[in-house]
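Computation of the quantities below employed the complete heavy-atom set of this structure, encompassing side-chain atoms and omitting hydrogens, waters and symmetry-equivalent molecules. One-based numbering, in listed order, for ligands and for the atoms of each.
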Amino acid sequence: MKQNYAVIGLGRFGGSICRTLVESGQEVLAIDANEDRVNEYMNIATHVVVGNAQDEMVLKSLGIRNFDHVIVAIGEDIQASILVTLMVKEMGVPNILAKAQNEYHARVLEKVGADRVVHPERDMGIRLAHNLVSKNILDFIELSDEFSLAEIRVSNPKFFNHTLLDLNFRQKYGLTVVAIRRPDAQVIVSPAADQIVKENDSLLVIGNAEDVDLLDKKLNE
Ligand code: ATP
């Protein structure tokens, strides 16, 4: 179903959200105070507007309250990002995603009504650091304080040609295997217990970060 999105702030983050939404067939209104930025998106977004989103009249005249999703992608001006999130919330928008610069900013954004707060720089730093520490951790995403999703390549022959039932990762490491990626890029989602783990498969597992590190060590000893 087509939904309405408004992206406020067309920096690298807001810009790439805008582009990807349009590519997925969504309607996007792109707003930025900087005219040059807006001109860059003239032929990309469905509608573009030059305007200061901190001005309530601007948001009202654009009918922001009628949007299903608003993305507040203002970065450096923390005060503007908070104020805009607050106003959009008060207008009754059901889904607000906001970008935070730091933990304090994130907490305030949550308090004023952001439904989802993202920290792209921090999250990408965490993902890359795990991959730098272990070349077999192909990806790592924190889902919450407690749970992470990791993709780990299996390079220890001890694990090759065993079923998930034999390997018993849930009992041994508290980790659930949610998918297996084969070297030919085939992905087996929600694998059954009799699924066999083969050489150079990678496992997508959910569990806590320490258990992920423990399994990574075992899988690659
Ligand atoms: P990124 O990392 O996404 O490139 P950033 O975190 O450095 O961006 P900024 O460049 O500070 O973020 O802001 C992103 C965009 O938001 C800029 O193009 C800026 O013009 C726009 N912007 C900032 N404040 C407002 C505002 N009050 N109303 C509309 N647009 C704004």
Side-chain angles (χ1 to χ4, degrees), residues 2-132 139-145 148-149:
K2 221 178 218 185
Q3 302 217 32
N4 264 323
Y5 293 83
V7 176
I8 301 174
L10 296 169
R12 285 158 300 181
F13 178 71
S16 62
I17 289 191
C18 173
R19 210 179 277 273
T20 310
L21 286 171
V22 172
E23 283 166 7
S24 323
Q26 306 297 328
E27 304 260 334
V28 182
L29 166 67
I31 307 158
D32 201 295
N34 178 324
E35 194 173 346
D36 293 339
R37 285 271 162 93
V38 170
N39 286 338
E40 276 176 49
Y41 286 84
M42 194 108 82
N43 298 321
I44 297 168
T46 322
H47 304 283
V48 290
V49 171
V50 182
N52 179 3
Q54 281 193 87
D55 182 343
E56 198 167 7
M57 288 313 291
V58 169
L59 295 181
K60 281 196 173 145
S61 67
L62 293 172
I64 285 293
R65 68 187 175 84
N66 299 315
F67 281 80
D68 303 309
H69 297 265
V70 171
I71 293 100
V72 183
I74 299 172
E76 271 160 40
D77 189 345
I78 291 180
Q79 187 179 321
S81 135
I82 293 166
L83 184 62
V84 171
T85 303
L86 176 69
M87 289 191 294
V88 171
K89 183 74 182 178
E90 282 179 343
M91 288 171 185
V93 171
N95 302 292
I96 305 170
L97 181 147
K99 173 185 153 168
Q101 291 286 82
N102 57 50
E103 293 299 327
Y104 299 110
H105 186 195
R107 274 159 61 184
V108 178
L109 288 171
E110 276 162 14
K111 284 260 185 295
V112 299
D115 299 285
R116 187 159 166 212
V117 176
V118 291
H119 308 60
E121 289 89 358
R122 184 202 67 175
D123 294 348
M124 189 47 92
I126 293 172
R127 288 171 77 168
L128 283 174
H130 277 90
N131 181 244
L132 290 172
D139 207 346
F140 184 95
I141 299 169
E142 277 184 335
L143 300 174
S144 68
D145 288 345
S148 300
L149 173 71

Quick test of your reading of the structure: of [options], whose heavy atom lies closest to [atom]?
atom	options	answer
atom 8 (O) of ligand 1	Glu76, Lys99, Glu35	Lys99
atom 26 (C) of ligand 1	Asn52, Ile17, Asp77, Val84	Asn52
atom 12 (O) of ligand 1	Gly9, Ala30, Gly75, Gly14	Gly75

- Give the residue, atom name and distance (to 0.1 Å) of the protein heavy atom nearest atom 23 (C) of ligand 1.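 Looking only at protein heavy atoms, the one closest to atom 23 (C) of ligand 1 is Ile74 CG2, 3.6 Å.
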- So which heavy atom in the protein is nearest atom 30 (N) of ligand 1, and how far is it from that ligand atom?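 Going by distance alone, atom 30 (N) of ligand 1 is nearest to Ala33 N, 3.1 Å.
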- Residue portion contacting ligand 1 (non-hydrogen atoms closer than 4.0 Å) for Asp32: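 Both backbone and side chain.
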May I ask you to list the atoms of ligand 1 that are less than 4.0 angstrom from any heavy atom of [X]?
X	result
Arg37	17 (C), 18 (O)
Arg12	1 (P), 2 (O), 3 (O), 4 (O)
Ala73	14 (C)
Phe13	1 (P), 3 (O)
Asn34	20 (O)
Gln54	27 (N)

- Query: Can you list the steps and then say if Leu83 with Gln79 is a side-chain contact (heavy atoms from CB on, under 4.5 Å)?
  - Reply: CA-CA 6 Å; Leu83 184 62; Gln79 187 179 321; 5.5 Å; no
- Is there a side-chain contact (heavy atoms from CB on, under 4.5 Å) between Ile74 and Ile8 once you walk through the steps? CA-CA 7 Å; Ile74 299 172; Ile8 301 174; 4.0 Å; yes
- Is there any N or O on Ala80 that sits under 3.5 Å from an N or O of ligand 1?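 In this structure, Ala80 places no N or O atom under 3.5 Å from an N or O of ligand 1.
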- Query: Is Ala53 in polar range of ligand 1, meaning some N or O pair under 3.5 Å apart?
  - Reply: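 Yes; at least one N/O pair falls below 3.5 Å.
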- Message: Determine whether Leu10 and Glu40 satisfy the following criterion, side-chain contact (heavy atoms from CB on, under 4.5 Å), listing intermediate values before the conclusion.
- Response: CA-CA 9 Å; Leu10 296 169; Glu40 276 176 49; over 6 Å; no
- Message: If I take atom CD1 from residue Ile31 and atom CG from residue Asn52, how far apart are they, to the nearest 0.5 angstrom?
- Response: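 Spacing of CD1 (Ile31) from CG (Asn52) equals 10.5 Å.
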- Inter-residue atom distance Ile141.CD1 - Met124.CE, 0.5 Å rounding: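 Spacing of CD1 (Ile141) from CE (Met124) equals 9.0 Å.
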- Between Lys99 and His105, is a side-chain contact (heavy atoms from CB on, under 4.5 Å) present by the stated rule, with each step listed? CA-CA 9 Å; Lys99 173 185 153 168; His105 186 195; over 6 Å; no
- Query: Measuring from the heavy atoms of Gly51, does anything fall under 4.0 Å of ligand 1?
  - Reply: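 A heavy atom of Gly51 does come that close to ligand 1.
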- May I ask you to test the Tyr104-Val108 pair for a side-chain heavy-atom distance under 4.5 Å?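 A side-chain contact is absent here, since even the closest heavy-atom pair is not under 4.5 Å.
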